[in-house]
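Letters go in sequence order (proteins before strands), and every chain restarts at 1.
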Protein chains: 2
Amino acid sequence: MTEIKERSERVARRLRMEGYRLTPQRMAILQAVLESPSHLTAEEIYRQVSADFPMLSLATVYKTLHMLKGLGEVMELTVDGRSHYDGDAPPHPHLICVRCHTIIDLPLEMAVTVPEEALAERGFRALWHQVEVHGLCRQCQEETSRA
Amino acid sequence: MTEIKERSERVARRLRMEGYRLTPQRMAILQAVLESPSHLTAEEIYRQVSADFPMLSLATVYKTLHMLKGLGEVMELTVDGRSHYDGDAPPHPHLICVRCHTIIDLPLEMAVTVPEEALAERGFRALWHQVEVHGLCRQCQEETSRA
DNA sequence: TTAACTGCAAATGCTTTGCATCGAT
DNA sequence: ATCGATGCAAAGCATTTGCAGTTAA
């Protein structure tokens, strides 16, 4: 909890420094993304934050998430045509169910094994990486075999 | 080339076996995906195949790609809200430019390093995996620094 | 022959945008 | 007081769907 508070204060400071305004909507959206253990969609963030800010608009949620993504403070994960947002700092692998589209985090610090030379050869500057394992979650395996 | 022909014949055989009809459209779409060294979008496949089949519809392209994906014969990679399709067999990492959305293949057989136990613990059955490295391609680095 | 497939056009659903108003600085 | 941010509604765009006509088997 304190960790999340510290993190959101750090981001707030950064926003101010870079000339962004600290609106209550932005703070609430940021808080929601950081707090959630799962990977919320814009819609879910909207519904959740709306409880405190009934006048919030979905467009603002999208605009804020876009900004935070641009700053690298949240990551975007597209599953089945829907974007999910994750505020976790250390990159970790995601298990993605191809049937129900659930996303499961693996709490492992994946040191990705792409050799530096391969990137350097192509003049590519890596910013972050992402490991996705696609398959069937437990429940979907059961439901598939039952059919 | 022969490799591609063999591959498409193998897929054709599989389709027939599983009760799908082998229409000229399907064969042409399959061919196009297998032949292309890049990661075509549905739109690009449509334009390309349309040269030979002017009566082809985009809906058929989507339906066919969806079917092939379901069979695991092609993989889907979503970048910036657009799906790209890749018929390559061995899974390899992708470098994705966050600015221009170019996709670069790395011809490395990535043995992904997600420990089996982590999957087993969660009852997750892995089907395939995907490594994405997000960053800036050479050209976009130059254009960014110039600005 | 007949059930699956195609093509068309309309519909869907997520995301973005334009613009008048509001509010953080 | 300024200019960026918000909220609303409309627009945008990739993808899906319904259906009548077509065709592979």
Nearest-Å distance, [atom1] ([X]) to [atom2] ([N])?
X	N	atom1	atom2	answer
A:M27	C:dA24	CE	C1'	12 Å
B:R16	C:dA4	CZ	P	18 Å
B:I29	C:dC5	CD1	C1'	11 Å
B:M17	D:dA25	CE	C1'	17 Å
A:E44	C:dT15	CD	P	11 Å
B:K69	D:dA14	NZ	C1'	14 Å

### Query
Which pairs pass ring pair (Phe, Tyr, Trp, His ring centres under 6.0 Å) with one or both residues in residues 34-63 of chain B, sequence neighbours excluded?
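Found B:H39-B:H94.
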
### Message
Give me each pair satisfying ring pair (Phe, Tyr, Trp, His ring centres under 6.0 Å) with a member in residues 7-31 of chain A, each pair once, sequence neighbours excluded.
### Response
none

#### Entry: Touch class at under 4.0 angstrom, heavy-atom based, for A:P24 against every strand present
sugar-phosphate

### Task
Using salt bridge (charged side-chain N to carboxylate O under 4.0 Å, His left out) as the criterion, list what pairs up with A:R138, not counting sequence neighbours.
none

### Task
Would you please name every residue forming a salt bridge (charged side-chain N to carboxylate O under 4.0 Å, His left out) with B:R13, sequence neighbours left out?
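Not a single residue meets the salt bridge (charged side-chain N to carboxylate O under 4.0 Å, His left out) criterion with B:R13.
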
Return the set of residues passing side chain to side chain contact (heavy atoms under 4.5 Å, CB included) with [X] (not counting sequence neighbours), or none when no residue passes.
X	answer
A:Q141	A:L136, B:R125
A:T60	A:Q25, A:I29, A:L56, A:S57, A:T64
A:E132	A:L77, A:I96, A:Q130, A:H134, B:Q130, B:E132

### Query
Which residues, if any, of residues 71-86 of chain B bring a heavy atom under 4.0 Å of DNA chain D?
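Contacting residues: B:G81, B:R82, B:S83.
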
Show every donor-acceptor pair shorter than 3.5 Å between a side-chain atom in residues 65-76 of chain A and any protein atom, with sequence neighbours excluded, or say none if there are none.
residue, atom, partner, partner atom, Å
A:K69, NZ, A:E76, OE1, 2.5
A:E73, OE1, A:R7, NH2, 3.3
A:E73, OE1, A:R10, NH2, 3.3
A:E73, OE2, A:R10, NH2, 3.3
A:E73, OE2, A:R14, NH1, 2.8
A:E76, OE2, A:S83, OG, 2.9
A:E76, OE2, A:Y85, OH, 3.1

### Identified side-chain contact (heavy atoms from CB on, under 4.5 Å) partner of A:S36 from the options A:V33, A:L34, A:L40
A:L40

## Note on the structure
Rounded to 10°, the angle between the first-five-pair and last-five-pair axes of the helix from C:dT1-D:dA25 to C:dT25-D:dA1 is 40°

### Task
Can you check each nucleotide of nucleotides 2-11 of chain D against protein heavy atoms at under 4.0 Å and return B for base, S for sugar-phosphate only, - for none, in 5' to 3' order?
-BBSBBB---

### Query
Any side-chain N or O of B:Y62 under 4.0 Å from OP1/OP2 of D:dT16?
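Checking B:Y62 against D:dT16: no side-chain N or O falls below 4.0 Å of OP1 or OP2.
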
### Query
Is it the case that B:Q48 and B:E44 place a side-chain donor and acceptor less than 3.5 Å from each other?
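On atom types as modelled, these side chains do not qualify, holding no pair under 3.5 Å.
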
### Task
Only counting residues at least two apart or in another chain, list the ones meeting side chain to side chain donor-acceptor pair (under 3.5 Å) with A:D52.
none

